[in-house]
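Presented below is the structure to which this report refers.
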Number of protein chains: 2
Amino acid sequence: MATDPTPNTAPRSPLTRELVLHTALALADQHGVAALSMRKLAQQLGVEAMSLYHHVASKDDVLDGIVDLVFNEIELPPTTADWKAAMRDRAISTRHALRRHPWAAGLMESRSAPGPATLRHHDAVLAILRAGGFSVAMAAHAYSLLDSYIYGFALQEANLPFEASDDLSAVAEPMLGPTPAEDYPHLAEMLTEHVLQPGYDYGNEFLFGLDLILDGLEQAR
Amino acid sequence: MATDPTPNTAPRSPLTRELVLHTALALADQHGVAALSMRKLAQQLGVEAMSLYHHVASKDDVLDGIVDLVFNEIELPPTTADWKAAMRDRAISTRHALRRHPWAAGLMESRSAPGPATLRHHDAVLAILRAGGFSVAMAAHAYSLLDSYIYGFALQEANLPFEASDDLSAVAEPMLGPTPAEDYPHLAEMLTEHVLQPGYDYGNEFLFGLDLILDGLEQAR
DNA sequence: AAGGTAACCTTACAGCATAAGAGAATCAAT
DNA sequence: ATTGATTCTCTTATGCTGTAAGGTTACCTT
C-alpha cells in the first residue's frame, strides 16, 4: 500500500470510443457480426459490459461505428484524376474493404445514421463525377449504379458457401441436393463446365461487370 | 361430449411447415426480420414456441424458408422469349419482390442452403441466357453482373432513411448534421438540386442502370 | 483536504433460441 | 373395441442477449 507511489501518473482509463470500436471491428471480422455481443466485446477489453455504455450509446451505435470504420479504409483518389480511372480505383478499393469485412454489406440494410467517413466518401465520389463532366442527374445515375453493383457483388461474394481455395465439388453436391442434373440442367452445366473448373475464382467476375458499367457510363455521359 | 360426432373428420393439426413459413413471411414484412422471433411466430399461430420445432428445424430453417418464398414470387419469363426482354422482365420482377420484402436482400449474406424455388429461379435464368446465345462463361458474367446490381439496388433502396412520399428536406438535415454545405459541398448539391426536388423517386434510378447493363451485355455477347 | 465528476461495477429484468421430457391426441392393427 | 405406437403440443429449464438503475471507486479541481 505504502509502496505504491503512483497517484496520478498512470491513466486509469484505457477505454475510449475508438478502442471499443476497433475491438468490435476485430471481433466482427473473427467471428462474424452476429456473434458480436456487448458482453463479449467487454470481455475482450477486460471490462464489464455496462462500462462500454460510457463510451458508446448502444449496440446500434457500435454497429454504426464499425461500418464507418470500414468506409474509412476505402482509398479515395484525388478529384483531379481522370474520372474513369478514379472511379475504377475507388470501386476496387471498396470491394477489397468489403471482402476484408464481409459482414459490412449485409449490415447496411439496418443502419440509419451514416458516420463522418461515410459522408466524406460519398462527397468525394460525387466530386470526381462532377469534375468529370457529369451533370447532377447523371452523377446520381452513375452513383446509384456503381454502388449498387459494388455492394451487390460483395453481398453475393459473402454469400458463397465456399472459399476460392476449397474443393468446390465437395461443396456443390449438398447444395444442389440429390438430383441436380435432372432438375436443374443449366445450373449443373454452369457448375461442371465453369465454376468447378480448377482455377475458377468468383472474385474475377468483378472487373468484367465494373468495366462494362464504366464503359456504359462513358457513353451515357 | 356425445353431441360431438367428429372423430377423424376435422384435422387436429392446423400447423404445417407452409403455414408456419407464410406466417413468418407476413410477420417479417410487418415488423422487420429483426423483430421476428420463434415466440412471436408461435403466438401469431396460437401455439407455444416449441411446437414450431416439429415443422421447422430451427430459426435458421425459417429464415431459409421465407427467403425461398420470396424467390417463389418472382415471375420467370419463358425461355423462348428474346433474352434481353426476358432478363429485363425478370430483373424488374425481382426488384418488385425485394421491395415488397425489403429485409430479403440483407438476409442473403447469412443464408447458406438455397431452397427449391431459388434453385429453379437460377436455372431458369441460365436457360434464358444460354438460349440467347451466351456462352457458359459469358452467361456466368452476365448472371453475376445482373444479380449483383439487382440485389445491391434493393439493399440501397431498403437502406434509404425515407420513403418516396416523405418530406425529404425534413429528413436530410439530421442525416447530414449541422454543417452539410460546408463539409460536404457535392453531397449538398446533389441533395438540394436533385434528390430534394419534388417528384424525385430513387426507385426510378433502377431502370437507367438496368438498361445500361443490358445494352453492355448485348455488345459483349 | 473537500467536493465534483467521470469511469466502472453489480444487480436485475425481460426477451431470445432451444434442449429435455411429460402429456394428450390420433392412427394402425389386432 | 382395445391396445400400442406415433405424432403433436406444452411445460420446464438453461444459458444467452441488450440495457435500465443505482452504488462504488478513483481521479481532478479547488
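Note that these values count all heavy atoms, side chains included, but never hydrogens, waters or copies made by symmetry. In this text the structure is predicted, and so the values were computed from the model without any measurement. In what follows, chains carry the letters A, B, and so on, assigned in the order in which the sequence lines appear, proteins first and then strands, with residues in each chain numbered from 1.
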Check your understanding: Is there a side chain to side chain contact (heavy atoms under 4.5 Å, CB included) between Arg100(B) and Asp29(B) once you walk through the steps?
Key -> CA-CA 8 Å; Arg100(B) 279 193 297 272; Asp29(B) 288 342; 6.0 Å; no
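The aromatic rings of His121(B) and Phe71(B) sit perpendicular to each other, their planes meeting at more than 60°, with 30° as the lower class boundary.
Checked against the 6.0 Å centroid criterion, the rings of Tyr184(B) and His122(A) do not qualify as a close aromatic pair. Remark: aromatic rings of Phe153(A) and Tyr202(A) are close, center separation under 6.0 Å.
OP1 and OP2 of dG15(C) both lie 4.0 Å or more from every side-chain N or O belonging to Lys40(B). Checking the phosphate oxygens (OP1, OP2) of dA6(C), no side-chain nitrogen or oxygen of His55(A) falls inside 4.0 Å. For Ser51(B) and dC10(D), the shortest distance from a side-chain N or O to OP1 or OP2 is below 4.0 Å.
In this entry the distance linking CG of Leu52(A) with P of dT10(C) reads 14 Å, nearest Å. Computed from coordinates, the Arg39(B) CZ to dT17(D) C1' distance equals 12 Å when rounded to whole Å. Atom CG of Leu15(A) and atom C1' of dA26(D) are 15 Å apart (whole Å). Distance OH (Tyr53(B)) to P (dA20(C)): 13 Å, rounded to an integer number of Å. Between the P atom of dT18(C) and the CG atom of Asp61(B) lies a distance of 10 Å, rounded to the nearest Å. One can place NE2 of His31(A) at 15 Å from P of dC16(D), the figure rounded to the nearest angstrom. Atom CD in Glu48(A) sits about 14 Å away from atom C1' in dT24(D), given to the nearest Å. Spacing between atom CG of Asp60(A) and atom P of dT17(D) amounts to 16 Å, rounded to whole angstrom units.
Residues Lys59(A) and His54(A) both approach DNA chain D. Their nearest nucleotides, taken by heavy-atom distance, put Lys59(A) toward the 5′ side. For the pair Met50(B) and Ala35(B), nearest-nucleotide mapping onto DNA chain C gives the more 5' position to Ala35(B).
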